[in-house]
Amino acid sequence: MSIRFGSCTFDIAARRLVRGGREVHLSPKAVEFLIALIERRGAALAKADLLERVWPGVFVSDASLARAVSELREAVGDDARHPRIVRTVHGYGYAFDAEIVEVNATSAAPRIAASIQCALVSAERTFLLSDGEHIAGRDRNATVWLDSPKVSRHHARLVVGSGGATIEDLVSKNGTFVRGIKISVVTRLEQGDKIVIGPFHLTFRSTRPQASTETETLSV
């Protein structure tokens with residue numbers, strides 16, 4: 001998925017930032033920082049959460065985070081004194097404030113990212129799900145990145161479309177549970193469904209009207 005904000009276009013899957021028509025280099029840590037902010041746009045992200053996300057399992061000081069912030073602001077053309085994109089939440093962390101437009105890769109026609117109407121919500125994070133296929137797992141490139149040795153690299157597949165959303169376990173070692181049941185086939189998700197993947201407890205949220213309030217399991 002590619003998004004546009006300010007004078008920048010960011011391809012999340014390719015981890016590629018373009019500003020004013022020219023590609024801008026970002027270090028891997030700055031990319032992770034940007035993705036984390038985008039996933040939680042509209043809400044502040046605590047420094048502790050950012051440090052764990054960008055430097056998992058490694059002790060680093062706030063100075064490392066400050067350097068990543070400076071690099072990102074320079075790359076996207078933001079001003080620390082009058083930020084329009086990356087806002088400092090003093091004593092807490094940072095927030096992404098720019099309006100985002102999602103870019104359709106096939107037609108290059110933009111549509112407002114508010115059309116993203118599905119999400120997986122945990123106690124710490126919210127994973128926004130646009131129309132299409134999403135992988136949940138330990139792979140750092142997964143849309144739903146769940147960093148735990150109890151989660152397979154490609155643990156489950158979610159598909160979002162006009163007809164709703166489904167989830168499928170990808171023969172993971174520890175299984176995927178929906179509504180307390182270990183699933184073995186493609187399963188339709190309903191508003192408020194509880195999903196357990198390894199140690200992670202997620203809740204499915206959707207603002208789309210549901211065709212039925214009944215639980216439905218799809219065969220493959």
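Hydrogens, waters and symmetry mates are skipped; everything else that's a heavy atom, side chains included, is used.
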Next on the checklist: Run Thr126 and Leu120 through side-chain contact (heavy atoms from CB on, under 4.5 Å) and show every step you take.
Outcome noted: CA-CA 6 Å; Thr126 297; Leu120 290 182; over 6 Å; no
Please name the pair of heavy atoms, one in [X] and one in [Y], separated by the smallest distance, quoted to 0.1 Å.
X	Y	value
Ala44	Ala95	CA-CB, 3.9 Å
Gly175	Ser172	N-OG, 2.9 Å
Ile135	Ala142	O-CB, 3.4 Å

Side-chain contact test, heavy atoms from C-beta onward, threshold under 4.5 Å: evaluate it for [X] versus [Y] and give yes or no.
X	Y	result
Phe200	Val151	yes
Phe204	Val178	no
Ile195	Phe177	no
Ile35	Arg53	yes
Thr143	Phe127	no
Trp55	Lys29	yes

Next on the checklist: Working note: Leu45 + Tyr94, criterion side-chain contact (heavy atoms from CB on, under 4.5 Å); need CA distance, chi angles, decisive distance, verdict.
Outcome noted: CA-CA 5 Å; Leu45 195 56; Tyr94 299 92; 5.9 Å; no
Looking at [X] and [Y], would you say the former's side chain and the latter's main chain have a donor-acceptor pair under 3.5 Å?
X	Y	value
Ser64	Val60	no
Arg41	Ile38	yes
Trp145	Ala136	no
Arg138	Asp147	no
Asn174	Lys150	yes
Thr187	Val185	yes
Thr9	Arg4	no
His155	Asp139	no
Ser61	Ala63	yes

Next on the checklist: Show, in sequence, the C-alpha distance, side-chain angles and deciding distance for Glu32 and Arg15, and conclude whether the salt bridge (Lys or Arg N to Asp or Glu O under 4.0 Å) test is met.
Outcome noted: CA-CA 9 Å; Glu32 285 296 333; Arg15 303 165 72 87; 3.1 Å; yes
Compile the donor-acceptor pairs under 3.5 Å between side chains in residues 71-82 and protein atoms, sequence neighbours left out, one pair per line.
| unit_1 | atom_1 | unit_2 | atom_2 | d |
| --- | --- | --- | --- | --- |
| Glu71 | OE1 | Ser27 | OG | 2.9 |
| Glu71 | OE2 | Ser27 | N | 2.7 |
| Glu71 | OE2 | Ser27 | OG | 3.2 |
| Arg73 | NE | Val86 | O | 3.3 |
| Arg73 | NH2 | Val86 | O | 2.8 |
| Arg73 | NH2 | Thr88 | OG1 | 2.9 |
| Asp78 | OD1 | Arg84 | N | 2.8 |
| Asp78 | OD1 | Ile85 | N | 3.4 |
| Asp78 | OD2 | Ile85 | N | 3.2 |
| Asp78 | OD2 | Val86 | N | 2.8 |
| Asp79 | OD1 | Arg81 | N | 2.9 |

Inter-residue atom distance [X].[atom1] - [Y].[atom2], 0.5 Å rounding:
X	Y	atom1	atom2	answer
Ser152	Lys173	OG	NZ	8.5 Å
Arg157	Thr176	CZ	OG1	11.5 Å
Lys182	Asp169	NZ	CG	7.5 Å
Leu26	Leu34	CG	CG	7.0 Å
Leu158	His134	CG	NE2	7.5 Å
Ile12	Ser2	CD1	OG	7.5 Å

Do [X] and [Y] sit in the same hydrophobic cluster, where Ile, Leu, Val, Met, Phe, Trp and Tyr count as joined when their side-chain heavy atoms come under 4.5 Å apart?
X	Y	answer
Val18	Ile3	no
Leu51	Phe59	no
Phe96	Val24	yes
Val58	Val54	yes

Checklist entry - Where do Glu52 and Lys47 land on the salt bridge (Lys or Arg N to Asp or Glu O under 4.0 Å) test, with the steps shown first? => result CA-CA 9 Å; Glu52 178 60 29; Lys47 288 182 180 180; over 6 Å; no
Checklist entry - Taking Leu129 as the fixed residue, which of Val159, Val144, Leu189 is the one that meets the side-chain contact (heavy atoms from CB on, under 4.5 Å) rule? => result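 Going through Val159, Val144, Leu189 one by one, the side-chain contact (heavy atoms from CB on, under 4.5 Å) with Leu129 is satisfied by Val144 alone.
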Item to check | Polar side chain donor-acceptor pair, Thr203 to Lys194, under 3.5 angstrom | outcome: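 Yes.
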